[in-house]
Amino acid sequence: MSRYNARTVEPKWQQAWDKAEAFLAKRDPSKPKYYVLEMFPYPSGRIHIGHVRNYTMGDVIARYKSSCGFSVLHPMGWDAFGMPAENAAMASGGHPKDWTYSNIDAMRGQMKPLGLSIDWTREFATCDPEYYGQQQALFLDMLEAGLVYRKNAMVNWDPVDMTVLANEQVIDGKGWRSDAPVERRELTQWFFNISSMADELLEAIDGLDNWPAKVKLMQTNWIGKSRGIEIPFHPTDGGEPILCYSTRPDTMRGASFIAISPEHPVSRALAQGNAELTDFIDECRKMDTTEAAMEKAEKKGIDTGITVKHPIYEGIELPVWVGNFVLMDYGTGAVFGCPAHDQRDLDFARKYGLGVQNAFYMPGEEVEVENEALVPAKTEMVVYIDHFAGLSEATSQDGIDATIDYFEEHDLGKGQVKFRLRDWGLSRQRYWGCPIPVVHCDDCGVVPEKKENLPIALPYDNGNEAIDFSVPGNPLDRHPTWRDVPCPACGKPAKRETDTMDTFVDSSWYYARFTAPRAETPTEKADAEYWMNVDQYIGGIEHAILHLLYSRFFARAMNVTGHLPKSASEPFDALFTQGMVTHAIYQTRDTNGRPVYHLPEDVDEANATLRATGEKVEVIPSAKMSKSKKNVVDPVDIIDQYGADTARWFVLSDSPPERDVEWTASGAEAAWKFLGRVWRLAADLGDGDDTDEALERECAKAIHDVTMGIETFGFNKSVARLYEFANAISKSKAGPGAKRKAVKILAQLMSPMTPHLSEEIWQHLGGEGLIAQAPWPEADESLLKEDIITLPIQINGKRRSEVQVPADLPKEEVEKIALADQAVIKALDGGSPKKLIVVPGRIINVVI
RNA sequence: GCGGGCGUGGUGGAAUGGUAGACACACCAGACUUAAAAUCUGUUGGGCGAAUGCCCGUGGGGGUUCGAGUCCCCCCGCCCGCACCA
């Protein structure tokens, strides 16, 4: 009996697949197509166990669908632009381009041994000029279609480094390198007009039947459609009214102040000559631009001294405050505060001594709000207090609608549908990204680059000398020649735009590019029509909102600009979000009490001590893997030690794919042992023409269950079933012929997960051709049915007994049998049951 | 702060509202072996009991139901996202 040696077997089969061009995606009109895509990786330089999990899941689907007769497209590429490349160049010299491409080479080298069924001929990186040149063409088409425009927007500004910072580069409100408090600064930037499609993007969520409900809910909330009202509040001293937006106008009775954003035009105007207000606005400016930071910050305000008239109650005046919690981007940048029915407003009111007055009570509980705002669900009944439209008891939703109607009738305000979704700012003041293909001309203004000049490629160096990336700021801004170009319209000397595109743009259409990766246009019609949509998209839940929403927007924009068919407006038919791979963190403390992290291989996990010194380590279980915490497990080590099939089998085992999984070395070992068992099961099998009905039943059930598991992304359940099936085969007393048949089915059912081992077994047992190209086994339906089933009997909901009955026995007969059961007779003690519930094929419950 | 999710034995987890703990890890016991590794077999949620069994048990509290890990409400803990990280 030969020992299974993954090290020699795996490369052998990978070569065989290559030679057979088994994974080459071919446009074959005679076959149904299937496009499976995993979110492409950022080329950090090393593959992560999370990548292995992600790509293995996709590979299971791809191989399974291929066996089911589909023409499969399963491509791979690299999301290659972004900050880490520039950071690396800044920290240790070198060039972002060299760093990125060498990382890609390294990662491809680590991925190939996994034996993924990828069509590598379609590979591209988003930093290839052939890719981003087409992206520039798309941008120009979108510009022409009115989907791109320019406006001012805030960025994080590092006043010491004199550079724009990404949110990630702002730590506790300070620049990551300079440690200087960041400021907000206004810049003119490019925007995609995603809000013009807000309603459409929202409506279409309904049709995404094969997306996780949580993702659809998150997208719905993110787009945030709300019906509200714009109400002008007129200053007591005359002058321009302040327009407030509210989604809860029914609480108008409780309004006690107006709050406007520090960036509101009124705030800015008032700040002129008001030192206190200027200081306050400056202070608000010294906060990073994230919404989370704003929301978490202490709510502060300053009274402007202005008062406005209450639109309903004559004689009531409301003070106007500038509040640091009011967002200029949402609504009108001004709100009315109703402390009784909004906790934030209440905290603000208590802090500054503003009025608190209920607009409604809960029915039967006429209590004034003290320190906890009364915020019932909009569907709950409340009792309005002398409501101007005559409402008394009503739901808040009815109250809102009635109030809007009343305001419109009396010309006091205008109902407005608003979206939370903001336009997508795509300008980045950085080098390593796709250049925005426009030119700024003193005479012609902003002029789109001519398409024949594309790609507008990034300059590799400054002519004769290398770019110094250690200087803060965008090297394109200080390049000696790259900026200087003739105006595409008038030919006069002009300046090229030096901002590059957000890397989210790169990943918003790559799925379409894979259908024709070498085309001279962004897509090729026939290929796009054949391959789109992506039938199954797989990636991390962290992309639930931005990446997926941007991709949905881009697919629509590409339809508008003629690059994708209308049918591809929703590019991902089915979405699966997989969980993260986690690992315990091992840490000790230095003399200052700061944590020092240790690599898993340096730790004796059983005793929680350092191998080198025996020092005790603290174990923080189940943390997201990150390099800084040193809790990363390198899949390359696992593959070297046990082979790709073991790594693949393990990442699919145990944890449900959508949940986070904790990596443990013992788990990998167990997977390896099992694969060895399966090989031994096959290795010394005889042959014969004997049959065995019990084993045939096991085969049919295994085919059915494993197939169901794959179809529903229950890979862990498929794996568990395969354990059971393998156990059943080894325990079976069947003859060699029946066993040989069963093991071949086992190999086939395992082949999407452990393709190399399966090929080896297939060949060993005389299977025809490659298992990768063999048709998926079908279960014999007649063998799936059980004739006799066991029904548990519950008495008052607790299991007390069970009975064996024919599967098709009528309900009345089952009832009779149940009542004749010893445990039931004993429990009834001569009486009769209150209720007898028979759920056919499931359970019997006797209620006494 | 806001939006979304998750929480089940020593561990990873299974369970269309219907027998909680499948399958696996680990542990323990046994077989094989001079011995070990490997392999194979068996036991294993907690408690009570000689035993057929009985009681408790899915983060905590409440509710709906004949029946709740699953549905609803409140609380706690952890994770993801919050628009310039990818």
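Only a predicted model underlies this, so the values are computations on that prediction, with no experimental measurement involved. Note on naming: letters A, B, ... go to the chains in the order of the sequence lines (proteins, then strands), and numbering restarts at 1 for each one.
Rounded to a whole angstrom, the distance from the C1' atom of B:G21 to that of B:G3 is 34 Å. Taking the C1' atoms as reference points, B:U65 lies 12 Å from B:G18, given to the whole Å. Nucleotides B:C66 and B:G60 have their C1' atoms positioned 27 Å apart, rounded to a whole Å. Distance noted for atom P between B:U41 and B:C23: 13 Å (whole Å). Of the P atoms belonging to B:U58 and B:G69, the separation is 7 Å, rounded to the nearest Å. Across B:G12 and B:A50, the matching C1' atoms stand 37 Å from one another, rounded to whole Å. Using atom P as the reference point in both B:A68 and B:C55, the two lie 15 Å apart (nearest Å). Rounded to the nearest Å, the gap between the C1' atom of B:U19 and that of B:U70 is 16 Å.
Distances from the side chain of A:V155 to the nucleotides B:A83, B:C84, B:G1 place B:C84 closest. Between B:A14, B:C66, B:C82, one nucleotide has an atom nearer to the side chain of A:P656 than all others, and that is B:A14. Among B:A83, B:G1, B:C84, the nucleotide with an atom closest to any side-chain atom of A:E295 is B:G1. Between B:G81, B:C84, B:A38, one nucleotide has an atom nearer to the side chain of A:R430 than all others, and that is B:C84. Nearest to the side-chain atoms of A:Q794 among the listed nucleotides B:G18, B:A22, B:A14 stands B:G18. Distance from the side chain of A:N845 is smallest for B:C66 among the nucleotides B:A83, B:C66, B:U39. Residue A:L546 places its side chain closer to B:A83 than to any other of B:C40, B:A83, B:C85. Comparing B:A83, B:U19, B:A86 by their closest approach to the side chain of A:I843 singles out B:U19.
Between A:K214 and B:G81 there is no side-chain polar atom (N or O) within less than 4.0 angstrom of OP1 or OP2. Here A:T503 reaches the OP1 or OP2 of B:A86: one of its side-chain N or O atoms lies under 4.0 Å away. Within the structure, every side-chain polar atom (N or O) of A:R659 is placed at least 4.0 Å from both OP1 and OP2 of B:G5. Put simply, A:S655 has a side-chain N or O that comes within less than 4.0 Å of OP1 or OP2 on B:G13.
Residue A:L217 is in sugar-phosphate contact alone, with no base atom involved, counting any heavy-atom pair closer than 4.0 Å across all strands shown. Residue contacts for A:Q429: at a heavy-atom cut-off of 4.0 Å it reaches a base atom on one of the strands shown. A:E291 comes within 4.0 angstrom of a nucleotide base, judged by non-hydrogen atoms across all strands. At the heavy-atom level, A:G425 lies under 4.0 Å from the strands shown only through sugar-phosphate atoms. Using a 4.0 Å heavy-atom criterion, one finds that A:T290 contacts the sugar-phosphate atoms exclusively. Within the 4.0 angstrom heavy-atom criterion, no nucleotide atom of any strand lies near A:N796. At the heavy-atom level, A:S427 lies under 4.0 Å from base atoms of the strands shown. Looking at heavy-atom distances under 4.0 Å, A:A292 makes contact with a base. Within the nucleic acid shown, A:K834 has no heavy atom closer than 4.0 Å to any nucleic acid atom. Within 4.0 Å (heavy atoms only), A:N716 reaches sugar-phosphate atoms of the nucleic acid but no base atom. Note on A:Q822: nothing from the nucleic acid sits closer than 4.0 angstrom, heavy atoms only. Using a 4.0 Å heavy-atom cutoff across all strands shown, A:P41 reaches no nucleic acid atom at all. Using a 4.0 Å heavy-atom criterion, one finds that A:I793 contacts no nucleic acid atom at all. Nucleic acid contact class of A:H547 (heavy atoms, under 4.0 Å, all strands): none.
Nucleotide B:C71 is matched to B:G63 when pairs are restricted to Watson-Crick or G-U wobble geometry with both distances under 3.5 angstrom. With a cut-off of 3.5 Å on both pairing distances, the Watson-Crick or G-U wobble partner of B:G1 is B:C82. Of the nucleotides present, none pairs with B:C27 by Watson-Crick or G-U wobble criteria with both distances under 3.5 Å.
Checked for salt-bridge contact, A:E291 and A:R420 meet the test: a charged N lies under 4.0 Å from a carboxylate O. Salt bridge annotation for A:K351-A:E298: present, with a cationic side-chain nitrogen under 4.0 angstrom from a carboxylate oxygen.
Between A:N221 and A:Q169, the residue anchored nearer the 5' end of RNA chain B, judged by the nucleotide with its closest heavy atom, is A:N221. Summary of the strand contacts: A:K835 and A:Y42 both lie near RNA chain B, and taking for each the nucleotide with the nearest heavy atom, the more 5' one is attributed to A:K835.
We find the CD-CG distance between A:Q169 and A:D288 to be 12.0 Å, quoted to the nearest 0.5 Å. To the nearest 0.5 Å, atoms CG (A:L791) and CD1 (A:I817) are separated by 9.0 Å. Here A:S508 contributes atom OG and A:D502 contributes atom CG; the two are 8.0 Å apart, rounded to the nearest 0.5 Å. Remark: A:L421 CG to A:M197 CE distance equals 11.5 Å, nearest 0.5 Å. Distance check: A:R680 CZ to A:L675 CG gives 10.5 Å after rounding to the nearest 0.5 Å. Here NE2 of A:H543 is found 8.0 Å from OG of A:S507. Values are rounded to the nearest 0.5 Å.
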Legend entry - Residue pair A:W509, A:Y131: steps toward the ring pair (Phe, Tyr, Trp, His ring centres under 6.0 Å) verdict: CA-CA 10 Å; A:W509 70 287; A:Y131 181 80; 4.6 Å; yes
Legend entry - Test log, rule salt bridge (charged side-chain N to carboxylate O under 4.0 Å, His left out), inputs A:R721 and A:D705: CA-CA 7 Å; A:R721 268 311 267 119; A:D705 294 350; 2.7 Å; yes
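Between the side chain of A:E542 and the base of B:C85 there is no donor-acceptor pair of N/O atoms closer than 3.5 Å. A donor-acceptor contact under 3.5 angstrom links the side-chain atoms of A:D654 to the base of B:G12.
Atom NZ of A:K731 and atom C1' of B:U41 are 9 Å apart (whole Å).
Annotation: side chain of A:M76 is in contact with side chain of A:Y55 (closest heavy-atom distance under 4.5 Å).
Applying the 90° cutoff around 0 to the glycosidic angle, B:G63 is assigned anti.
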Inset, instruction - Using a 4.0 Å heavy-atom cut-off, write out nucleotides 48-57 of chain B from 5' to 3' as B (base contacted by protein), S (sugar-phosphate only) or - (no contact). - result: ------SSS-
